[in-house]
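Report on one structure; see the data block that follows.
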Amino acid sequence: MKLEQLINSRRDYSAFMDLDEGWLSRRIFHDQDIYEAEMRNIFARCWLFVAHETQIPNPGDFLTTYMGEDAVIVCRQKDLSIKVFVNSCPHRGNKVCYADAGNARRFVCNYHGWGFDTAGKLQGMHEEYCYDPGDIDKSKWGLKEVAKVDSYKGLVFATFDPAVPSLADYLGDYRWYLDCIVDNDEGGTELIGGCIKSIIPANWKFGVENFVGDAYHAGWTHDSGTRAMNDGNPFPPIDMVNSFHASANGHGHEFGLEGVGDIFLLGRPKVMEYYNSVLRPRMAKRLGERRSMIFGSVASASIFPNVSYLPGISTFRTWLPKGPMQLELRTWVIVNRNMPDEIKEEITTGVMQTFGPGGAFEMDDGENWENCTLSNRGVVTREEKLHYRCGIGRKLDHPEFPGTIYRGQYNDANQRGFYRRWQDLMNAGGAWSEVPDRNSNRLRGRETRDLPGGLLNL
Amino acid sequence: MNAVMQEAVKLPAPSVELLSEIQQTLYREARLLDAERYDDWVTMLTEDLHYHMPGIETRYRRDKTDQVGDLKRMAYYNDSLDDLNKRLRRLKTGTAWSEDPATRYVHMISNIEVEHTPNPQEYKVYSTFMAYRCRNERDQDTLYGNREDIWRRTSQGLQLARRLIVLKQNVLLSKNLNIYL
């Protein structure tokens, strides 16, 4: 009975926030029960980023990662499709792959030698004769596959939920903004080899909400990093008229229209030169003048629930939940495949100087999120609200920009959009039919690359 | 004589004086880093410094990916002197919030091994480090790893020209890396 209640428990999470008023309960950042519900209702339901296609180009290429706290293997098949299965042997549960990445013909469990092909199918085991006829039907005891795998312009996503909307609908109108980084030139993108991983004793949402909309922290938290990278110059000025928050389905991109702010923060003049003289004109042709100026401006972005990136700085990362009070940060550098090697290397060096664990920007973030998480936990403190009301009156119907738009990138609007999606999914308890449509799919069925004017092209 | 010894004796063995000089130099460097005396530390670095700490993934033995030598891969540090100076500049801005209150450091250096190189002005130096950090109330971590350096004799004395740092963690079990190793 108790287990049944736990599994089927439906709880109203509306009490933990009032996004029309602009506040959140501190409990969602440390509570173990809420965290378990997040794993079920968000991470076991949503499309989650698992790989970039170029990380596993050849048959047998694999990498391992986590969907929520479920360990998975992402593996390129002989027919070049990609399969994702749980990294856990159906015999006793041991991992069948201990490496971060590589190439394999099969995955064999170290415990009893159960072997699986690269499609996750059980092929045989050590001393197979010990199983009598009827003991095991090997065709039914393969590695558990996820429900669906799909990709959007190189980014591979997987989901455990067969009832999830298509990836295109899940990303919704956010695709128009995502194209700024994954489709801004011929040939697509790639991630630079290797992955830098670190742990932060903080709730996973603090990382995501920071990137989804928190331009506000940058000029203060990162004053030292900005000056270090740019000969003592302070953070670029923010134009509160010509900058925006755009949110759709919990995904969000906050941006200016000046085109150079984030590239400036990278501190690599050769990269600035390449963007301005080579890439931007091509981008303007491909995505439209407008998006060629969104790209590279002071900006940050997150894909719900746990991927973030900085267009123009080119850090790309995922925040893996590891309990309510710890996250594992995995970071890569995303570049266009057709960039000259010298530019790729300049960008990589710049990202490692700014947004690695030793980066001049990143270094000042972790401690803030750690102490937000820790201090919110106090039994008295946790009953107090957190303020998320900045810019709540600046909503506008923009003729061009898709999604829910607020003016002025110093704003909590995208954070509110992220938590609204969080609340929708938590309250729906996994039933997608109960997840409200927040008008985030006006571009449904359209190739967003070919809509230079956004909503104007409808 | 075994193969490892043969490799080392192709060039003359370093003198005790040289061993001592280099050992003392490494200890001095560690003491400067413990005390955050970065202006002094920088005087121990050559203009053409390469300071490299690659990210190390967990891979199977059969996997021949060059995780240490391939400079195009992701790294914690892959810096020239100019790059390193930019990082250090952050500390002088007065707004490096996570450096104030200050972190407390200990660098322990051991397993020092010195080899001559074909360039008589340069020495190859192997060492192992244990670096401890503690900050605020109870925030602490310890990093272990190996280093392979090239130290060059210049008009400034012995200066560090190359450093390869191999940290022994896959996931960095820390929230940041405000430390030089």
Side-chain angles (χ1 to χ4, degrees), chain A residues 63-64 97-104 191-202 220-232 234 267 327-333 341 344-345 348-354 356-371, chain B residues 51-68 70-80 82-101 103 135-139 141 167 169-181:
Chain A
L63 60 81
T64 56
C97 180
Y98 286 28
D100 292 339
N103 183 279
L191 300 184
I192 297 297
C195 172
I196 298 289
K197 304 186 269 189
S198 57
I199 58 163
I200 302 177
W220 181 258
T221 296
H222 300 306
D223 179 75
S224 62
T226 305
R227 292 177 192 275
M229 287 299 124
N230 295 288
D231 302 319
L327 66 85
E328 180 180 313
L329 172 57
R330 296 190 169 194
T331 74
W332 298 269
V333 176
D341 283 348
K344 288 181 186 173
E345 286 166 31
T348 306
T349 306
V351 172
M352 290 181 307
Q353 284 214 297
T354 50
F361 289 81
E362 190 99 37
M363 260 196 280
D364 289 302
D365 280 324
E367 192 158 279
N368 289 340
W369 304 332
E370 173 181 1
N371 287 291
Chain B
Y51 186 85
H52 183 215
M53 181 162 123
I56 305 289
E57 291 178 310
T58 299
R59 287 183 176 251
Y60 285 115
R61 290 178 187 274
R62 65 174 180 268
D63 188 326
K64 300 305 176 202
T65 305
D66 183 3
Q67 297 203 63
V68 172
D70 184 350
L71 296 177
K72 291 185 178 173
R73 291 178 64 81
M74 295 284 283
Y76 296 98
Y77 297 111
N78 187 359
D79 284 13
S80 65
D82 187 43
D83 295 333
L84 197 60
N85 272 323
K86 279 189 183 175
R87 295 182 194 264
L88 294 172
R89 215 181 292 153
R90 169 174 164 272
L91 297 169
K92 293 189 176 175
T93 57
T95 55
W97 311 122
S98 70
E99 310 299 336
D100 194 10
T103 302
R135 62 176 278 99
N136 293 342
E137 283 180 281
R138 50 175 67 197
D139 192 1
D141 68 359
L167 187 70
Q169 292 179 354
N170 171 345
V171 179
L172 177 71
L173 299 173
S174 310
K175 62 176 177 271
N176 70 21
L177 204 56
N178 69 340
I179 186 169
Y180 299 93
L181 300 166

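Proteins come first, then strands; the chains are lettered A, B, ... in the order of their sequence lines, and each starts at number 1.
Among the candidates A:Arg330, A:Lys344, A:Glu370, A:His222, the residue making the largest number of heavy-atom pairs closer than 4.5 Å to chain B is A:Glu370. When each of A:Thr221, A:Thr348, A:Thr354 is checked for heavy-atom pairs under 4.5 Å with chain B, A:Thr221 comes out on top. Top candidate by heavy-atom pairs under 4.5 Å with chain A, chosen from B:Asn78, B:Asn170, B:Asp70, is B:Asn170. With respect to chain A, the highest number of heavy-atom pairs below 4.5 Å among B:Leu172, B:Thr93, B:Asn178 belongs to B:Leu172. Most heavy-atom pairs under 4.5 Å with chain B: of the set A:Ile196, A:Asp223, A:Leu327, this distinction falls to A:Ile196.
Nearest heavy-atom pair across B:Tyr77 and A:Gly358 is OH-CA, 4.5 Å. Annotation for A:Ser198 and B:Ser174: closest pair CB-O, 3.6 Å, computed over non-hydrogen atoms. Nearest heavy atom pair, residue B:Lys86 against residue A:Ala228, reads O-CB, 3.2 Å. Between A:Ala101 and B:Asp63, the shortest heavy-atom distance links the atoms O-OD2, 3.8 Å.
Interatomic distance, B:Arg89 CZ to A:Met229 CE, rounded to the nearest 0.5 Å: 7.5 Å. One finds the CG atom of B:Leu84 at 8.5 Å from the CD atom of A:Gln353 (value rounded to the nearest 0.5 Å). A:Asp100 CG to B:Tyr60 OH: the interatomic distance, rounded to the nearest 0.5 Å, is 10.0 Å. Interatomic distance, B:Asp141 CG to A:Ile199 CD1, rounded to the nearest 0.5 Å: 9.0 Å. To the nearest 0.5 Å, atoms CD (B:Gln169) and NZ (A:Lys197) are separated by 11.5 Å.
With contacts defined as side-chain heavy-atom distances shorter than 4.5 Å, the pair B:Met74/A:Val351 does not qualify. Two residues are said to be in side-chain contact when any heavy atoms from C-beta on lie closer than 4.5 Å; B:Trp97 and A:Ser224 fail this criterion. The shortest distance between side-chain heavy atoms of B:Asn176 and A:Glu362 does not fall below 4.5 Å.
In this structure, the side-chain contact (heavy atoms from CB on, under 4.5 Å) partners of B:Arg135, at least two apart in sequence or on a different chain, are A:Glu367, B:Thr103, B:Asp139. Listed by chain and number, the residues in a salt bridge (Lys or Arg N to Asp or Glu O under 4.0 Å) with B:Arg87 are B:Asp79 (sequence neighbours excluded).
At a 4.5 Å heavy-atom cutoff, the contact between A:Trp220 and chain B is made by backbone and side-chain atoms alike. When heavy atoms are compared at a cutoff of 4.5 Å, B:Asn85 does not approach chain A at all. In this structure, the portions of A:Ala104 lying under 4.5 Å from any heavy atom of chain B include both its backbone and its side chain. With a 4.5 angstrom heavy-atom cutoff, B:Leu71 does not touch chain A via any of its atoms.
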I'd like to know whether B:Lys72 forms a side-chain contact (heavy atoms from CB on, under 4.5 Å) with A:Ile192, so could you lay out the CA-CA distance, the side-chain angles of the two residues, the decisive distance to 0.1 Å, and finally the verdict. CA-CA 8 Å; B:Lys72 291 185 178 173; A:Ile192 297 297; 5.8 Å; no
Could you check A:Asp365 against B:Lys175 for salt bridge (Lys or Arg N to Asp or Glu O under 4.0 Å), going step by step and ending with a plain yes or no?
CA-CA 9 Å; A:Asp365 280 324; B:Lys175 62 176 177 271; over 6 Å; no
